[in-house]
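The structure presented is a predicted model; accordingly, all values stated were derived computationally and were not measured. A, B, ... follow the sequence lines: proteins, then strands. Residue 1 opens every chain.
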2 protein chains.
Amino acid sequence: MTAAQKSTALRTSNIGKDDIPLSSDDVFSHVYQAILDRRLPPGTKLREVPLAELFGVTRGTIRKAFTQLANQKVIDLIPNRGASVAYPTVEESRDLFAARRTIESAIVEQLTSRVTKSQIRELNAMVKRENAAYDKGDTREALKLSVDFHRVLATMAGNSVYADFLEQLVTRTPLVVLAYRDPAQATACANQDHQDLVTAIAAGDSVRAINTMRCHLCNLEGQLDLKNSTPSSELAAIFGLNAVSHRNAKRNLQ
Amino acid sequence: MTAAQKSTALRTSNIGKDDIPLSSDDVFSHVYQAILDRRLPPGTKLREVPLAELFGVTRGTIRKAFTQLANQKVIDLIPNRGASVAYPTVEESRDLFAARRTIESAIVEQLTSRVTKSQIRELNAMVKRENAAYDKGDTREALKLSVDFHRVLATMAGNSVYADFLEQLVTRTPLVVLAYRDPAQATACANQDHQDLVTAIAAGDSVRAINTMRCHLCNLEGQLDLKNSTPSSELAAIFGLNAVSHRNAKRNLQ
DNA sequence: GCCCATCATTTTGTCAACAAAATATGATTG
DNA sequence: CAATCATATTTTGTTGACAAAATGATGGGC
């Protein structure tokens with residue numbers, strides 16, 4: 001990917017040309033979103049100077065954003081060799097889903113034992129909004145609401161460590177979905193699952209709630225192509241740069 | 001704590017006066033160890049310039065170490081207001097142990113299903129070494145070996161996310177143990193638990209293995225004073241600086 | 001043609017000076 | 001005496017220039 005193309009890939013709106021400079025968090029978000037949007041495909045090298053100029057910040061800001069992104073395993077950051085968009089492996093992806101099952105089961109179990117009526121109301125409201133977004137065909141909004149649903153469950157469970165861990169997991173999940181989803185299938189949280197989950201939690205039925213959550217996550221994982229065979233994206237990684245990004249770069253960057 | 005006292009608190013050996021300068025990881029380790037040794041009590045303000053001079057590094061290195069320490073919640077890092085040794089609250093501590101039960105149950109369960117004979121041998125060897133250290137009265141070494149035992153379990157389970165999470169948890173655990181342990185009781189992993197755990201894993205009895213692990217962690221938590229009543233350390237935090245550090249500073253820093 | 005060494009360029013890493021913010025000090029007033 | 005404000009000092013945050021490392025290009029030897 002050339003510098004000019006990367007510039008196009010990141011400049012979704014007028015960024016970095018305002019009065020107040022962007023923070024490293026802003027850079028984090030922009031880069032993260034660009035990766036999710038496939039505007040920065042896995043393996044893409046991220047150089048400090050071009051990014052700094054693009055966002056109108058100093059290299060120090062880019063560097064901070066890089067360490068945050070690397071902490072979340074969104075990019076690989078190797079000393080003296082710079083940053084590149086991460087390549088989730090099949091193993092990593094499976095590990096991630098296993099961890100989600102573990103953590104989110106614990107979250108749901110704890111929440112079931114201490115949920116309040118007003119929390120149930122809030123959860124129902126969220127499911128409703130999510131449904132509305134789906135019905136409207138606004139997939140992007142629906143996806144965001146779906147992730148937020150999982151976040152809110154974590155917060156309501158009242159264990160700050162669970163919440164932290166879940167945050168790390170949901171940050172990484174879209175990357176593996178992106179890398180391994182079967183293009184034929186649409187990938188999203190089946191919304192009925194969320195509704196069922198709230199119902200089980202409201203009923204105080206922790207066994208069913210946990211089961212629903214586990215199925216929910218297994219379904220999501222099942223939509224991915226996590227067989228041992230090398231996926232095209234991984235093949236590309238082996239050879240240093242990805243064919244996908246070259247073939248599709250122009251189209252993807254519009 | 002005065003600058004001179006803090007200098008004493010950190011300078012365990014001749015550090016930072018060598019030819020090659022220390023890395024931020026080295027600074028991380030030194031500060032972390034000083035906190036575990038109570039040479040830097042909770043609430044202690046950590047200033048960049050004195051630390052940089054002490055370790056013979058630049059402020060940038062200290063800063064990097066700070067962000068790592070803050071990520072692990074070992075210190076609090078507030079923009080424009082610097083760093084101070086973290087104060088684990090009762091809630092945080094309970095959350096931490098709950099998370100350990102969750103994660104380590106999952107680790108043990110997975111490991112039981114796929115453990116090899118040579119892994120069992122390695123685990124038995126570790127327990128043996130741990131026992132030896134206890135018998136020799138080398139509590140510090142025994143404690144290190146005990147933590148390593150948990151780490152090795154995580155690695156052997158073969159899920160990188162579990163291993164990551166466990167690493168975060170074991171980094172924080174000593175801090176809460178330090179803050180809340182009943183001074184009357186010695187706090188350590190009961191070694192027999194480790195032996196029992198290996199036996200259960202070797203037998204392929206995942207239910208017993210999980211139970212043993214949960215009991216093991218509950219025992220550890222039970223040795224702490226995590227009642228809702230405000231511990232002296234927390235009281236001190238409320239009033240901005242800790243009485244403990246003032247009263248005991250000189251004695252602790254020898 | 002292929003391999004290796006050399007040199008030029010690009011890219012990342014470091015540092016020290018400067019800027020901004022917070023904190024401490026002390027004077028002043030009600 | 002307490003409270004408030006102005007000022008001095010300390011502490012954190014930022015930047016741009018320089019150093020070091022990696023990368024890519026060139027050319028010569030085999």
Applying salt bridge (Lys or Arg N to Asp or Glu O under 4.0 Å), can you list everything that pairs with B:Asp76, at least two apart in sequence or on another chain? none
Per-nucleotide protein contact string for nucleotides 5-17 of chain C (B base, S sugar-phosphate only, - none; heavy atom under 4.0 Å): ------SBBSS--
What distance do A:Ile35 atom CD1 and A:Thr44 atom OG1 have between them, rounded to the nearest 0.5 Å? 8.0 Å
How long is the span from the CD1 atom in B:Ile75 to the CD atom in B:Gln68, to the nearest 0.5 Å? 10.0 Å
Only counting residues at least two apart or in another chain, list the ones meeting salt bridge (Lys or Arg N to Asp or Glu O under 4.0 Å) with B:Arg151. B:Asp148, B:Glu167
Axis deviation across the helix from C:dG1-D:dC30 to C:dG30-D:dC1, five-pair ends, to the nearest 10°: 10°
Validation row: A:Arg129, A:Glu141 side chains within 4.5 angstrom (heavy atoms): no
So, the side chain of B:Glu221 versus the backbone of B:Phe97: is there a donor-acceptor pair under 3.5 Å, distance only? no
Taking side chain to side chain donor-acceptor pair (under 3.5 Å) as the definition, give me every residue that meets it alongside B:Asp138, ordered by chain and number, with sequence neighbours left out. none
Mind jotting down which residue pairs meet the side chain to side chain donor-acceptor pair (under 3.5 Å) criterion with at least one end in residues 154-164 of chain A? Sequence neighbours excluded, please. A:Ser160-B:Asp95, A:Tyr162-B:Thr102, A:Asp164-B:Lys73
Could you state the atom-to-atom distance from CD1 of B:Ile62 to C1' of D:dT14 in whole Å? 18 Å
